[in-house]
Structure formats: structure tokens, C-alpha cells
Protein chains: 2
Amino acid sequence: MNIGEAARQSELPPKTIRYYEDIALVKPSRSSNGYRDYSENDIHRLRFLQRSRSLGFTIEECRLLLSLYEDDQRASADVKAVANQKIIEIDHKIKELRSLRKTLSALAENCHGDDKPDCPIIDDLAGRRGR
Amino acid sequence: MNIGEAARQSELPPKTIRYYEDIALVKPSRSSNGYRDYSENDIHRLRFLQRSRSLGFTIEECRLLLSLYEDDQRASADVKAVANQKIIEIDHKIKELRSLRKTLSALAENCHGDDKPDCPIIDDLAGRRGR
DNA sequence: GCTTGAGCTTCCAGCAACTGGAAGGCCTAT
DNA sequence: ATAGGCCTTCCAGTTGCTGGAAGCTCAAGC
């Protein structure tokens with residue numbers, strides 16, 4: 001199967017698939033004309049990557065998950081640990097974003113939003129509080 | 001004022017300050033020995049950048065905010081629009097992260113987390129639902 | 001005067017995870 | 001034969017820094 005069809009089936013752009021080969025996440029064979037030739041198993045790996053990337057795992061985490069995926073002897077605890085770690089990171093990011101949001105919306109609420117130059121947002125950014 | 005002191009006052013690493021000069025966000029003068037020489041106004045700009053970056057604005061947004069900062073004729077509505085746009089983006093990111101978290105925690109909850117190979121997380125990543 | 005150490009300079013490279021584009025080969029159909 | 005669409009490789013760019021090497025300057029201590 002050529003890269004175009006592999007792209008369709010895995011829902012990944014061809015560029016990304018080539019990149020995944022560069023960093024040794026997939027190793028398709030080659031046809032006699034030099035074209036990449038993807039097996040069913042390659043497609044499984046690509047789909048797996050697509051799904052795990054979309055769940056926010058980094059490439060290196062995907063590499064780990066992929067090795068667990070292909071290890072029939074894996075312990076489910078190992079996989080669960082990776083997932084739980086990711087959940088912690090996500091919680092942390094959400095917390096940060098909420099805090100940013102709070103600050104920004106407080107600033108925006110205090111801003112008249114008219115065509116006058118007076119602006120509490122700028123004042124805050126400039127370090128001038130409660131002028 | 002040398003870069004080290006500018007770094008202390010702006011709470012930005014010297015490397016970052018030099019980078020901001022590379023991308024034309026600050027233009028300090030030079031002392032006779034070739035050292036960068038930061039004025040009070042330069043420090044204001046650096047502080048402004050530090051604060052706006054920490055609030056999640058991109059470099060290009062900071063550049064815009066900085067030009068508004070130095071424009072005495074600015075309309076506060078312009079600044080408010082940038083802030084509100086950012087709030088929308090933050091909301092979007094939070095929503096995405098919450099959705100990721102939900103999926104991941106559902107998967108982790110269904111996983112025994114023992115030393116057996118059976119693992120619903122891997123099954124999901126591989127595209128095998130509800131086996 | 002000399003050395004030491006901190007602080008400054010420039011430049012080059014690398015991080016993550018792709019993405020875009022150029023130059024060219026291949027394949028199929030008309 | 002030619003057009004187009006797909007494929008190949010390679011190089012460069014994205015964002016926002018950060019690390020490191022090689023070398024200059026400056027102030028302090030002996």
C-alpha cells in the first residue's frame with residue numbers, strides 16, 4: 001500500500017508518516033519502484049500513533065506505549081501508570097490555564113473598551129497597579 | 001545598565017533578553033566597550049514583555065500590545081479585543097484538555113492495573129473497542 | 001603587574017513535532 | 001507525447017527560547 005492510501009487509513013498526513021519513519025516509529029518496506037509499501041501491521045501502528053498523539057501523549061510516550069502494545073507479556077499496570085501520569089500533567093495545565101483566564105478576565109472586565117486611551121489592561125502589563 | 005542587572009529587574013534571563021533584541025522587541029544602546037546598555041524605558045518594555053508572556057500572549061501579540069502600550073492615542077477597546085480573543089483561546093484549550101482527561105481517566109478506570117497483559121487502554125489506542 | 005573570576009560578546013546548534021517547498025522520478029490515461 | 005497526480009529526497013522554517021564554545025572586558029586581590 002502506498003503512502004497516500006496509508007495516510008487515508010491512518011488519518012495522518014503523508015508528511016507526518018514520513019517523519020515517523022525518520023524517527024524510527026514505523027519501518028515500511030519498499031516496492032521495486034522505490035515507493036514505500038505499508039503492510040496491515042504498519043497501518044495498525046500508524047493508527048495507534050494517531051490515536052495516542054491525539055490523546056496528548058508525546059512522541060516518546062507513544063514510542064513507549066507502542067512497545068507495550070506489541071509486547072504480549074506487558075503488565076497492564078505499566079500502561080495505566082503512563083496514562084495516570086498524563087492525567088496529572090493535564091490537570092496541571094488546566095489549572096494554569098484557569099489561573100490565566102481569571103487574571104485576563106478580571107483585567108478585561110475593568111476595561112471600558114471605548115476609544116479612550118485609558119486602559120487597565122495596559123496599566124497592569126506595564127506594572128502600574130490600581131492607578 | 002548592563003544586561004545582568006536588566007535581567008534582574010525584568011525577571012527575564014539574559015539569553016531571553018538578547019533573543020528579544022534579535023527579534024527587534026528591544027533596542028538597547030551600546031556602551032563604549034560594546035556591552036548592551038539598558039535605559040529605564042528599555043526596562044519598562046522588558047517588564048511589559050515578561051508580564052504579557054506570562055499571561056500567555058504570543059510574541060506577536062506582545063509586539064502588538066507593546067505598540068499599543070506606547071501609543072498614547074490607543075483605544076482601550078483595541079487592547080480589550082486582544083485580551084478577549086486570548087480568553088476565547090484559553091477556553092478552547094481548557095475544553096480540549098478536559099475532553100482528553102475524560103477519555104484518559106475512563107480508560108484508566110477500566111484498567112485493572114495488575115501484571116496481566118489484558119489492558120483496555122492499549123485496546124483503545126489500537127482501535128479495538130469494547131472487546 | 002598579574003592573575004583570577006565574573007560578566008559580557010558573538011555564533012552555532014538543538015529542543016518538539018511537524019510543515020512547506022523545490023527538484024525530480026514514476027505511472028496512468030488520453 | 002503529454003498532462004496530471006502521486007511518489008521520492010533534501011533543505012528550511014515554525015515557536016520561543018536554551019545550552020555551549022570561544023573569546024573579550026572589568027574589578028579585585030596579591
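Computed over heavy atoms, backbone and side chain alike; hydrogens, waters and symmetry mates excluded. If you're wondering where the values come from, they're calculated on a predicted model, not measured in any experiment.
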So Arg36(A) and Pro28(A), do their side chains get closer than 4.5 Å, heavy atoms only? yes
What about Lys15(B): does its side chain form a donor-acceptor pair under 3.5 Å with the base of dG16(D)? no
OP1 or OP2 of dC17(D) under 4.0 Å from side-chain N/O of Tyr20(B): yes
Is Arg30(B) near enough to dT10(C) that one of its side-chain N or O atoms lies under 4.0 angstrom from OP1 or OP2? yes
Would you mind checking if Lys27(B) and Glu21(B) are paired as a salt bridge, meaning a charged N to carboxylate O distance below 4.0 Å? no
If each of Arg8(B) and Thr16(A) is mapped to the nucleotide of DNA chain C with the nearest heavy atom, which maps nearer the 5' terminus, i.e. the 5' end? Arg8(B)
Should Arg18(A) be listed as having a side-chain N or O under 4.0 Å from OP1 or OP2 of dC10(D)? no
Upstream residue (5' side of DNA chain C) when Asn33(A) and Asp37(B) are each assigned their closest nucleotide: Asp37(B)
May I ask you to decide whether Asp124(B) forms a salt bridge with Arg51(A), counting only side-chain N to carboxylate O separations under 4.0 Å? yes
At less than 4.0 Å, is any side-chain N or O atom of Arg36(A) found next to OP1 or OP2 of dT9(D)? Yes or no. yes
Using the side-chain heavy atoms of Tyr35(A), tell me which of these nucleotides is nearest: dG16(D), dC18(C), dC7(D). dC7(D)
Ionic contact status for Glu89(A) with Lys86(A), cut-off 4.0 Å: yes
